[in-house]
Number of protein chains: 2
Amino acid sequence: MSRSQKPESKENTFFFNARIDGIEYDILDDLIGYAVRRAQISIYEDFTASLADEGITPQRFSSLVIIENNPGISQTRLSEVMGIARSGVVAIIDKFEDAGLVERQASSDRRSYNLRLTKEGQKQVRRYKKAVQEHDNRIAAVLNASEKEQLRTLLSKICMRSP
Amino acid sequence: MSRSQKPESKENTFFFNARIDGIEYDILDDLIGYAVRRAQISIYEDFTASLADEGITPQRFSSLVIIENNPGISQTRLSEVMGIARSGVVAIIDKFEDAGLVERQASSDRRSYNLRLTKEGQKQVRRYKKAVQEHDNRIAAVLNASEKEQLRTLLSKICMRSP
DNA sequence: TATTGTTATACTCTATAACTATA
DNA sequence: TATAGTTATAGAGTATAACAATA
């Protein structure tokens with residue numbers, strides 16, 4: 001029957017709705033973990049909507065900022081900071097190198113590289129930072145300065161628990 | 001040279017360290033989005049460490065709780081609640097069905113199914129809930145009751161902003 | 001015509017394990 | 001022996017697009 005050649009409309013362009021009317025969430029409404037997860041999804045969506053055109057993701061943005069502020073950092077060290085495997089960093093840096101944002105400089109330890117932003121990289125990071133700051137202001141616009149500070153403090157407490 | 005037949009030690013069993021000594025995080029320390037992301041990674045790790053042996057993930061746990069508390073929900077509706085594509089729900093429910101936790105019941109609308117937990121599913125969800133509650137108490141143990149309430153409130157504000 | 005579940009496919013992210021060149 | 005970067009590979013998770021059955 002339906003031999004429609006036109007693509008169906010995208011079905012997943014809806015935004016994540018953290019609490020849908022008529023749905024019972026039970027324990028999920030009480031869990032700190034789910035509250036953080038909900039917020040994370042919501043924030044990620046706004047980040048993507050703001051910066052996907054630039055080809056930048058939270059992960060890549062973080063990498064660039066870490067390299068910018070810790071020039072000469074090695075790939076292994078970066079993998080530790082980002083919390084991902086070394087093999088993952090290779091792919092990330094390859095792309096940055098292709099885009100002319102990062103360079104692998106020779107190190108005194110000839111097994112490793114010193115990572116640095118190129119001139120172009122520095123320029124782009126300034127742009128990205130501005131866009132990310134605007135995004136962050138937007139998602140946190142419902143909070144006043146004191147509430148933002150509270151939120152950061154409460155979240156950092158959770159991160160600093162003993163593993 | 002190295003023809004070692006033994007596997008190298010796993011390199012990524014370290015826990016994510018939200019703030020590594022000697023690393024300059026710059027703007028990342030100020031962004032609400034990054035604070036949430038850090039907490040999310042940290043919480044996800046504890047969840048996984050606690051429940052991976054059960055084969056349960058935050059995503060799957062949420063699905064089961066939603067089905068438990070909204071019996072007869074359709075797959076499309078569940079995809080909306082979870083914020084994922086319908087095709088993703090198919091795979092999730094397939095696995096639950098294989099494990100005997102969820103059943104697809106015939107619906108009056110013969111295009112769709114009514115999802116329900118099986119007896120076994122109900123039993124397992126009770127176990128999972130207990131484990132997840134313990135995990136949540138653990139990750140939020142650094143907060144008192146009032147701080148937990150504050151955190152939930154602040155995070156829900158972020159989710160409820162206009163998209 | 002539109003919707004539900006399904007399938008096929010592809011893409012991203014990630015981890016594991018092995019390799020190489022150095023140390 | 002150990003470490004840094006690399007490669008190959010595999011497994012999640014996800015989205016897109018199409019299809020059959022049904023509305």
Side-chain angles (χ1 to χ4, degrees), chain A residues 1-16 37 41 44-45 48 52 55-60 62-63 72-80 82-97 102-115, chain B residues 1-16 37 40-41 44-45 48 52 55-63 72-80 82-97 102-115:
Chain A
M1 330 279 167
S2 66
R3 280 180 304 100
S4 57
Q5 296 308 79
K6 68 162 174 32
E8 287 183 19
S9 62
K10 291 195 213 174
E11 70 179 38
N12 228 49
T13 30
F14 61 81
F15 277 91
F16 173 68
R37 190 176 141 82
I41 293 173
Y44 184 84
E45 271 183 355
T48 300
I56 209 75
T57 64
Q59 182 79 277
R60 286 179 208 169
S62 305
S63 302
I73 192 172
S74 72
Q75 291 185 190
T76 294
R77 182 85 167 137
L78 183 58
S79 77
E80 289 162 5
M82 306 298 297
I84 62 174
R86 289 177 301 151
S87 56
V89 170
V90 174
I92 292 172
I93 302 301
D94 280 353
K95 283 199 180 175
F96 285 149
E97 229 181 10
V102 170
E103 53 187 14
R104 290 173 160 108
Q105 290 190 334
S107 166
S108 55
D109 180 339
R110 285 157 61 211
R111 290 172 303 182
S112 69
Y113 293 119
N114 295 332
L115 301 176
Chain B
M1 331 282 169
S2 67
R3 278 180 306 101
S4 58
Q5 295 307 78
K6 70 165 177 24
E8 287 183 19
S9 62
K10 291 197 215 171
E11 70 178 38
N12 227 51
T13 30
F14 60 81
F15 277 91
F16 173 67
R37 188 175 142 82
Q40 156 72 18
I41 294 174
Y44 184 84
E45 270 184 355
T48 299
I56 209 76
T57 63
Q59 182 79 277
R60 286 180 210 169
F61 175 72
S62 305
S63 302
I73 192 174
S74 73
Q75 293 186 189
T76 294
R77 183 87 167 136
L78 183 58
S79 79
E80 290 163 5
M82 306 297 299
I84 62 174
R86 290 178 298 148
S87 56
V89 170
V90 174
I92 291 171
I93 302 301
D94 280 353
K95 283 199 180 176
F96 285 150
E97 230 181 9
V102 170
E103 52 187 14
R104 291 173 160 107
Q105 291 191 334
S107 166
S108 55
D109 179 340
R110 284 158 60 212
R111 290 173 303 183
S112 70
Y113 294 117
N114 295 332
L115 301 176

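Hydrogens, waters and symmetry mates are skipped; everything else that's a heavy atom, side chains included, is used. Within every chain, numbering begins at 1; the chains are lettered A, B, ... in the order of the sequence lines, protein sequences first and strands thereafter.
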Ser112(B) (side chain) and dT22(D) (base): donor-acceptor pair under 3.5 Å: no
Between [options], spot the one nearest the side chain of [X], thanks.
{"X": "Gln59(B)", "options": "dT14(D), dT7(C), dT16(D)", "value": "dT14(D)"}
{"X": "Ser87(A)", "options": "dT4(C), dG5(D), dT7(D)", "value": "dT7(D)"}
{"X": "Arg86(B)", "options": "dA18(D), dA4(D), dT6(D)", "value": "dA18(D)"}
{"X": "Arg111(B)", "options": "dA21(D), dT6(C), dT16(C)", "value": "dA21(D)"}
{"X": "Gln75(B)", "options": "dT22(C), dG13(D), dT6(C)", "value": "dT6(C)"}
{"X": "Ile84(A)", "options": "dA15(C), dG5(C), dA15(D)", "value": "dA15(C)"}

Taking the side chain as every heavy atom from C-beta outward, state whether [X] and [Y] have any pair of such atoms under 4.5 Å apart.
{"X": "Ile84(B)", "Y": "Gln59(B)", "answer": "yes"}
{"X": "Ile93(B)", "Y": "Leu78(B)", "answer": "yes"}
{"X": "Leu115(A)", "Y": "Arg104(A)", "answer": "yes"}

Separation of atom [atom1] in [X] from atom [atom2] in [N], rounded to whole Å:
{"X": "Ile93(A)", "N": "dC13(C)", "atom1": "CD1", "atom2": "P", "value": "14 Å"}
{"X": "Ile92(A)", "N": "dT12(C)", "atom1": "CD1", "atom2": "P", "value": "13 Å"}
{"X": "Lys95(A)", "N": "dT14(C)", "atom1": "NZ", "atom2": "C1'", "value": "13 Å"}
{"X": "Met82(A)", "N": "dC13(C)", "atom1": "CE", "atom2": "C1'", "value": "12 Å"}
{"X": "Ile56(A)", "N": "dT12(C)", "atom1": "CD1", "atom2": "P", "value": "14 Å"}
{"X": "Leu78(A)", "N": "dG5(D)", "atom1": "CG", "atom2": "C1'", "value": "13 Å"}
{"X": "Asp94(A)", "N": "dA4(D)", "atom1": "CG", "atom2": "P", "value": "18 Å"}

Distance below 4.0 Å between [X] side-chain N/O and [N] OP1 or OP2:
{"X": "Arg110(A)", "N": "dT3(D)", "answer": "no"}
{"X": "Arg60(A)", "N": "dC13(C)", "answer": "yes"}
{"X": "Thr76(B)", "N": "dG5(C)", "answer": "yes"}
{"X": "Arg77(A)", "N": "dA4(D)", "answer": "no"}

With a 4.0 Å cut-off on heavy atoms, is Ser107(B) in touch with a base, just the backbone sugar-phosphate, or nothing at all? nothing
In terms of heavy-atom contacts, Val102(B) and Glu97(B) come closest through O-CG, 3.4 Å
Between Arg104(A) and Asp109(B), name the one whose nearest nucleotide on DNA chain D is closer to the 5' end. Arg104(A)
Between the OG atom in Ser62(B) and the CZ atom in Arg60(B), the distance rounded to the nearest 0.5 Å is 12.0 Å
